[in-house]
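Have a look at the structure below, then the notes.
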Amino acid sequence: MAGDARPSGVRAGGCRGAVESRTSFRAPRPPLPPLSFLFVLFLAAPCAWAAGYKTCPKVKPDMLNVHLVPHTHDDVGWLKTVDQYFYGIYNNIQQAGVQYILDSVISSLLADPTRRFIYVEIAFFSRWWHQQTDATQKIVRDLVRQGRLEFANGGWVMNDEATTHYGAIIDQMTLGLRFLEETFGSDGRPRVAWHIDPFGHSREQASLFAQMGFDGFFFGRLDYQDKKVRETALQMEQVWRASTSLKPPTADLFTSVLPNMYSPPEGLCWDMLCADKPFVEDVRSPEYNAKELVHHFLKLATDQGKLYRTKHTVMTMGSDFQYENANMWFKNLDKLIQLVNAQQQANGSRVNVLYSTPACYLWELNKAKLNWSVKKDDFFPYADGPHMFWTGYFSSRPALKRYERLSYNFLQVCNQLEALAGPAANVGPYGSGDSAPLNEAMAVLQHHDAVSGTSRQHVADDYARQLSEGWRPCQVLMSNALAHLSGLKEDFAFCRKLNISICPLTQTAERFQVIVYNPLGRKVDWMVRLPVSKHVYLVRDPGGKTVPSDVVTIPSSDSQELLFSALVPALGFSIYSVSQMPDQSPQKSWSRDLVIQNEYLRARFDPDTGLLMELENLEQNLLLPVRQAFYWYNASTGNNLSSQASGAYIFRPNRNKPLFVSRWAQTHLVKASLVQEVHQNFSAWCSQVIRLYPRQRHLELEWTVGPIPVGDGWGKEVISRFDTGLATGGLFYTDSNGREILERRRDYRPTWKLNQTEPVAGNYYPVNSRIYITDGNMQLTVLTDRSQGGSSLTDGSLELMVHRRLLKDDERGVGEPLNSEGSGLWVRGRHLVLLDKKGTAAASHRLQAEMEVLAPQVVLAPGGGARYRLERAPRTQFSGLRRELPPSVRLLTLARWGRETLLLRLEHQFAVGEDSGRNLSSPVTLDLTNLFSAFTITHLRETTLAANQFLAYASRLQWTTDTGPTPHPSPSRLVSATITLHPMEIRTFLASVQWEEDG
């Protein structure tokens with residue numbers, strides 16, 4: 001995705017400080033000197049972001065200025081696949097062809113220099129760009145430089161905000177913004193975030209946007225009750241303080257709610273997809289309507305202007321896949337501008353209308369120098385009317401949600417190994433390895449109709465296809481890297497079906513090797529589980545010593561799984577060898593005493609019902625009666641209160657109390673030296689295994705649900721619910737995109753008085769990685785392995801929706817019910833349950849959640865491979881770090897950026913007030929000198945979060961809040977290899993490196 005090659009450090013628009021393109025890294029250059037560190041220091045920022053507003057149109061300060069924003073909203077998959085949308089295929093499903101939209105817009109922009117247009121989805125634009133001639137590319141560069149074509153947001157997609165993990169959000173934004181930086185330099189850098197369609201807005205998303213350097217944030221969807229209150233109070237625009245840990249204004253972001261979601265005002269849609277009448281100026285025509293349209297516009301503008309605080313208001317002139325015939329839009333907008341502005345002289349009108357962009361509108365708001373109110377919570381859940389809560393998509397398509405989360409894990413491992421092995425990962429004995437296809441597929445999955453589960457079935461299938469195809473070149477890359485780093489060319493195998501106990505190599509081979517790679521910055525003790533045949537196995541560690549192992553029989557299938565604990569160093573791997581023992585078979589070890597325990601936890605089960613009834617933390621002397629069971633809500637198909645049905649977006653049960661899947665479970669107890677399990681069977685379509693491993697401080701609940709029966713004509717929404725006696729006072733807590741925690745209160749919104757119409761759905765919130773309840777002493781936390789909807793509907797209770805199958809569409813555009821076909825009918829997942837004292841709980845759930853999202857990767861091989869290099873002895877253990885990272889620090893990103901450059905992100909993963917008695921919320925200082933064993937860092941440059949501008953050159957517009965003055969410190973200079981991370985801080989670097997000769 002390289003743009004035109006330019007000298008390093010000089011970009012289009014002449015602004016120094018832009019991050020160099022990949023092409024400049026790939027250019028020939030002399031070997032780097034063997035210096036431990038060279039530091040690039042930047043002083044003042046001569047190219048501040050305000051320079052990006054120099055092309056904005058002139059306004060009239062004494063008038064109401066109406067900023068017309070021509071735009072198109074191009075979903076990266078929804079009713080059609082990404083390719084079908086781009087090429088304009090199957091227009092009988094939806095008239096949409098993105099390539100024609102961009103062709104048409106460019107032609108129309110060239111017809112009149114006052115016209116402007118914004119574009120957002122770089123997944124589409126980059127594809128279109130690479131199909132253009134040099135001459136067309138030059139024209140587009142000129143339009144961008146002149147501000148006539150402007151990019152907003154700039155991510156690969158417009159990501160969802162409820163079901164996305166923050167690491168994946170950062171990755172997809174980095175991908176899109178990098179393309180713009182390499183292609184257009186600072187001229188193409190977006191100044192505003194633009195999330196006009198996501199169905200609710202998370203606080204963490206705003207924090208990330210602020211850290212990426214955006215000046216403002218525009219969105220379209222806002223709860224209907226919230227919007228009425230804001231319009232009355234003139235609070236449609238304010239400063240969002242998006243972190244309780246980061247010091248203002250680090251995570252402060254000016255936020256504007258668009259007046260008409262993202263559609264044109266009523267009667268003013270002039271697209272080929274619309275039916276509104278165009279301007280007819282000929283007074284002799286019986287269709288003459290110019291005067292009427294001008295009057296209509298002036299009234300709309302005046303009324304809309306009363307809802308905002310300045311002499312500026314914005315109108316979005318476009319919608320889904322519009323501008324395929326851009327001339328229709330622009331011809332009528334030209335007439336609108338001309339005729340409305342003519343009224344200023346003819347009738348003394350005080351309305352001035354102009355072509356503009358969100359950034360130019362924001363610039364005028366900033367110049368108004370007003371004090372703005374501050375928002376500190378989020379915008380979930382979203383409802384667009386009574387009984388219409390968009391909380392179903394938090395859980396829709398759970399199989400795709402899990403595949404996305406697994407792919408994030410796999411991509412990070414792929415990226416790390418590419419960084420550790422260097423060029424040897426890309427070209428080696430297994431072929432050409434490449435992380436880019438999976439990186440792009442993962443970026444597409446963040447789209448607000450992808451991981452959200454709100455696309456049509458064939459589109460969801462295509463999303464899964466893109467992930468699968470992205471895994472393959474990563475597997476080649478990882479094979480090359482592992483061979484290079486281990487010194488052995490093995491026949492590596494990647495078993496993708498371990499979650500259903502299928503792996504041909506381990507089930508048939510008499511001996512094999514298990515390579516366990518750990519992507520964390522600390523060593524891990526990881527329980528490996530592999531399907532095997534009916535034998536006993538000998539397992540040896542990297543040093544050749546025998547380690548304890550077990551073969552456990554699975555009661556439901558009578559199949560076997562081998563268990564052993566692997567110790568794996570930080571950012572590295574351990575290789576274990578496994579061999580069958582002759583003439584021995586595993587012993588079944590079932591029991592009837594329904595108790596499982598290890599040195600830290602004990603779980604008791606009701607002997608009559610088979611349900612979990614008590615959890616005890618032996619280490620902290622905590623005992624909590626807790627019952628866990630599965631229930632289902634009968635999905636509403638509409639009733640006398642509302643015709644609204646439950647669907648892909650909407651959650652609406654037909655009654656507030658769910659029904660038991662079963663009040664009891666058939667149980668089998670399995671006890672072995674390395675695991676204790678209670679197998680529960682609730683019905684033909686719902687079962688669960690509750691297990692404890694040695695040294696494990698959480699209870700693992702592995703549930704299997706599906707196919708959900710719908711032969712009775714009832715759609716069903718299945719939950720796992722935990723009931724305790726904790727006095728929680730209506731409060732519960734959920735994470736925001738896997739990072740900071742937000743307090744939730746039942747039937748309550750922090751900034752307006754809620755009229756609750758749906759006591760269940762209206763209290764559901766997105767749970768990206770964890771949800772917990774506490775009575776101030778004990779805390780019960782449940783970690784998830786994918787995004788789900790969750791709530792606490794009664795004190796002491798906590799529930800998570802694990803699966804849903806529905807028979808009616810919710811009439812939000814998808815046009816088909818959420819009735820998954822194929823493998824999506826069956827879903828298997830895990831909940832990890834932690835019981836802690838409130839004061840120490842953060843240490844448990846933070847570190848365990850990190851381990852969940854960055855789990856070790858198991859790679860298999862038959863063994864006996866040839867040496868990678870004859871002169872180098874093989875190694876069975878490797879760490880990419882010379883020193884482990886402290887518990888508060890997470891290695892968020894380690895990835896190749898250029899030929900001799902890596903992208904490095906380090907974050908403090910604890911919030912203020914989460915010390916847990918271990919000082920975990922204190923600032924952490926790290927020395928990066930010789931931190932990595934596989935390479936030496938020779939240059940280090942700090943950037944903004946998305947790595948598209950150097951931090952010392954970055955500046956944002958400053959806003960004054962009604963909470964008092966906010967200090968605006970200058971960007972800190974990087975003067976040594978020692979960096980400090982404060983709670984919830986992420987720091988991003990481009991590191992020039994020299995790889996070690998022996999890997």
So, using ring-ring contact (aromatic ring centres under 6.0 Å, His included) as the criterion, who are the partners of [X] when residues are at least two apart?
{"X": "Y224", "answer": "none"}
{"X": "W240", "answer": "F379"}
{"X": "Y772", "answer": "Y733, H845"}
{"X": "Y693", "answer": "none"}

Determine the sole option in Y765, Y633, W390 for which the ring pair (Phe, Tyr, Trp, His ring centres under 6.0 Å) test with F651 is passed.
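When Y765, Y633, W390 are each tested with F651, the ring pair (Phe, Tyr, Trp, His ring centres under 6.0 Å) holds only for Y633.
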
Contacts of [X] that satisfy side chain to side chain contact (heavy atoms under 4.5 Å, CB included) - sequence neighbours left out:
{"X": "P887", "answer": "L847, R918, L920"}
{"X": "T751", "answer": "D226, R230, K375, D377"}
{"X": "M613", "answer": "R604, D606"}
{"X": "V912", "answer": "S245, P983"}

Which residue pairs pass the salt bridge (Lys or Arg N to Asp or Glu O under 4.0 Å) test when at least one of the two sits in [range], sequence neighbours left out?
{"range": "residues 752-774", "answer": "R652-E758"}
{"range": "residues 805-817", "answer": "D384-R812"}
{"range": "residues 773-793", "answer": "R402-D785"}

Would you say S791's side chain and N763's backbone share a donor-acceptor pair under 3.5 angstrom?
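The answer is yes, because a donor-acceptor pair under 3.5 Å joins these two groups.
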
Filter on ring-ring contact (aromatic ring centres under 6.0 Å, His included), then keep only pairs touching residues 776-808, sequence neighbours left out; what's left?
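Residue pairs passing ring-ring contact (aromatic ring centres under 6.0 Å, His included), neighbours aside: none found.
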
D223 bridged to R749 by N-O distance under 4.0 Å:
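No.
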
Quick test of your reading of the model: are E702 and R830 salt-bridged, counting only N-O distances below 4.0 Å?
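A salt bridge is absent here (no side-chain N lies under 4.0 Å from a carboxylate O).
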
Decide side-chain contact (heavy atoms from CB on, under 4.5 Å) for E717 and W632; before the verdict, give the C-alpha distance in whole Å, the side-chain angles of both, and the deciding distance to 0.1 Å.
CA-CA 5 Å; E717 320 205 39; W632 60 277; over 6 Å; no

